[in-house]
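Shown next, in structure tokens, is the structure this report addresses.
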Amino acid sequence: MKTTDVLIIGSGVAGAAAALKLAKDPARRIILITREPDPRESNSRYAQGGIIHRGPDDNADLLVHDILEAGAGASLPEAARIVAEEGPVRLEKLLLTEAGIGFDRDSGGELAYGQEAAHSRRRILHVGDGTGRSIIEGLTEAVRRQPNIELLTNATAVDLITYPHHSRNPLDTYGPVTCYGAYVFDRNGRAIHRTLAKATILATGGLGRIYRNTTNPPGARGDGLAMAHRAGARIINAEYIQFHPTALEVPGAQGFLISEAVRGEGGTLLTPEGQPFMHKYSPEWKDLAPRDVVARAIHHEMELNGYPYVLLDIGSHMEADKLRTRFPNIYAECLRVGIEITREPIPVVPAAHYSCGGVAVNAWGESTIKNLYAIGEVACTGLHGANRLASTSLLEGLVFGERAAEHIAAQVDRLYHPEPNSIPPWDESNLIHDSDPALIQGDMQTIQNIMWHYVGLIRSGDRLSRAIRELRHLQTEIETFYRKTKLSDGLIGLRNAVEAGLLIAQAARHNRQSRGCHYRTDSVDGGDRLL
């Protein structure tokens, strides 16, 4: 058993920012855990485009306007205002000053600002096309330097420890649901430990891996969302799953993200015959339309004409040397699979990319469970509404990671740990099976196919009802298997994936109005329109 002041589950930009802010008090103890062997591995690492700052002709009001416009009327103005006002200041202090992130600069040594879709100004800071990797490497090194942060890798959270559920005192039934840490699976020792904390922060990232086509890494399977739901936290906006319009569609590299910044720098979408088409779907923005519009437009072109992919041409719009400098990772990965992007277009398809909803939190990251916070993609602050504006995710994680840390710091001395003996150890009795990777992989592929075909870019009541029936049946089978099987990371992820899938499908069926990235053909507001 471990005890700490604050337990943070997830080591991406949100979890790292919260840990570093909390660690400023040397007397405060923080445990930061990740299921990955390498703490730098997270959704944050794969963010290519960049992070919003404030350009020379920019201001907070303009950014708020762009966020609310992209959010299709469902973004919370308060959350947009917090990010727009606080974001640049927090970014400068943490990323530029403390972590020393080497953002790209122009020939005069000033910060270079990129343009991305649906932004009215150039305001995106970047490090080539590997911004997330640079940020997370810098933050991880800063975390390692803090003596009061215990960084645990290969540690998968299984379930949150909550009262009254895990309390041995029946009188706790009458109190509020309160979180006191988590049961954590040690992937190396294959044992489950109790980690008790005065406050717990979920920073587990997204859930794209429950879809067949995704830009997300293997760990993005809805762990935090499912754990919070099982504990009784309120989940909102789960139906709003954003599909990135342009993931590489070449054998051996499926799902590799082709950044929105490529279109921001002049890239155009073409049919396989070489004809542009975005003007038909968004006459004003064309290739710089919001990503939900672009993703559905590509999907429609593919479905209507039987295309296996569409093409993204950047080589005709940028000089070769500039292209290789601006997008070094995209250039190298495409070259690896035989595409020279300075001379030929890139085959792309839409892919599940970002969960705009999640665990409902307030302006300080507090969930509806006492002492449980959620930050980053697992949380729903209201910022993204029905469709996330490009490059807001890293900034949201940083801003609300620090805000949650500040809220905890102001009250953690008044919080307490439960009596260790009052929390039962993990019950491993009656576990008669070893975890079978083939069964787990087969069930996961079934979930991914159900989600892709029935709860994907184009939805309907019939599709969603079928998804819910099939996912419920599968969840019953998985839960029965789970109750008799020794734990593994894969089994934990499978259980979480089917629960996350059901949450999305049920929310999507409940919401009969097409909005943002939730599109229904049978929408009550006229779903026959594509955009």
Side-chain angles (χ1 to χ4, degrees), residues 46-58 62-63 66 70 102-108 110-135 215 244-249 256-270 274 276-279 281-282 284-291 293-295 297-298 310-335 339-351 353 388-395:
Y46 295 89
Q48 290 179 352
I51 183 170
I52 291 171
H53 190 229
R54 187 172 291 161
D57 59 345
D58 198 9
L62 287 172
L63 178 54
D66 291 348
F103 292 110
D104 292 347
R105 294 180 180 268
D106 60 24
S107 57
E110 299 298 318
L111 289 168
Y113 292 97
Q115 175 78 51
E116 290 196 9
H119 285 272
S120 58
R121 296 290 187 274
R122 297 184 75 91
R123 57 165 72 101
I124 315 299
L125 295 184
H126 47 80
V127 184
D129 57 356
T131 309
R133 180 189 302 173
S134 294
I135 288 174
T215 61
H244 199 285
T246 52
L248 185 59
E249 181 57 20
F256 180 79
L257 180 66
I258 305 299
S259 170
E260 204 155 38
V262 172
R263 286 182 290 118
E265 296 294 346
T268 55
L269 288 160
L270 310 171
F277 58 85
M278 277 307 302
H279 63 280
Y281 301 95
S282 180
E284 179 187 358
W285 289 96
K286 298 184 179 67
D287 294 275
L288 290 177
R291 58 180 55 171
V293 174
V294 179
I298 294 172
V310 298
L311 298 172
L312 177 59
D313 174 30
I314 182 64
S316 301
H317 306 279
M318 286 185 82
E319 295 178 3
D321 288 344
K322 184 178 179 183
L323 193 160
R324 285 189 286 263
T325 301
R326 177 67 179 87
F327 302 112
N329 294 313
I330 293 173
Y331 177 81
E333 179 64 8
C334 288
L335 194 63
I339 300 169
E340 169 51 90
I341 66 173
T342 64
R343 297 197 299 266
E344 56 187 320
I346 308 165
V348 294
V349 295
H353 184 59
R388 179 178 71 90
L389 180 66
S391 289
T392 50
S393 53
L394 291 175
L395 189 64

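The figures that follow rest on heavy atoms only: side chains count, while hydrogens, waters and symmetry mates do not.
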Does the T131 side chain pair with the main chain of Q48, one donor and one acceptor, at a distance under 3.5 Å? yes
Checklist entry - Would T246 and L269 count as a side chain to side chain contact (heavy atoms under 4.5 Å, CB included) if you check the C-alpha gap in whole Å, the side-chain angles of each, and the deciding distance to 0.1 Å? => result CA-CA 9 Å; T246 52; L269 288 160; 4.1 Å; yes
- prompt: Does the side chain of H119 come under 3.5 Å of the side chain of D66 through a donor N or O and an acceptor N or O?
  reply: no
Practice problem: Return yes if some donor-acceptor pair links the side-chain N/O of R54 with the main-chain N/O of R123 below 3.5 Å, else return no. | Solution: no
Do any side-chain atoms of residues 342-351 form donor-acceptor pairs under 3.5 angstrom with protein atoms, and if so which ones, sequence neighbours left out?
| from | atom 1 | to | atom 2 | distance (Å) |
| --- | --- | --- | --- | --- |
| T342 | OG1 | E340 | OE2 | 2.6 |
| E344 | OE2 | E340 | N | 2.8 |

Inset, instruction - Measure from the side-chain N and O atoms of E265 to the backbone N and O of M318, and report whether any donor-acceptor pair falls under 3.5 Å. - result: no
Report task. Give the C-alpha distance, both sets of side-chain angles, the deciding distance and a yes or no for side chain to side chain contact (heavy atoms under 4.5 Å, CB included) between F103 and H126. Result -> CA-CA 5 Å; F103 292 110; H126 47 80; 5.8 Å; no
Here the pair of heavy atoms bringing R121 nearest to D57 is NE-O, 3.0 Å
- Message: More than 12 heavy atoms of other residues, nucleotides or ligands under 6.0 Å from CZ of R133: yes or no?
- Response: no
So does D129 pair up with R326, basic N to acidic O under 4.0 Å?
no
Side chain to side chain donor-acceptor pair (under 3.5 Å) filter on S316, not counting sequence neighbours, yields D313
Exercise for the section: Using modelled atom types only, decide if a donor and an acceptor are shared between the side chain of R122 and the backbone of Y113 within a distance under 3.5 Å. Expected result: yes
- request: Give the intermediate values and the outcome of side chain to side chain contact (heavy atoms under 4.5 Å, CB included) for residues S391 and I51.
  value: CA-CA 5 Å; S391 289; I51 183 170; 5.8 Å; no
Residue set satisfying ring-ring contact (aromatic ring centres under 6.0 Å, His included) with H244, at least two apart, ordered chain then number -> H353
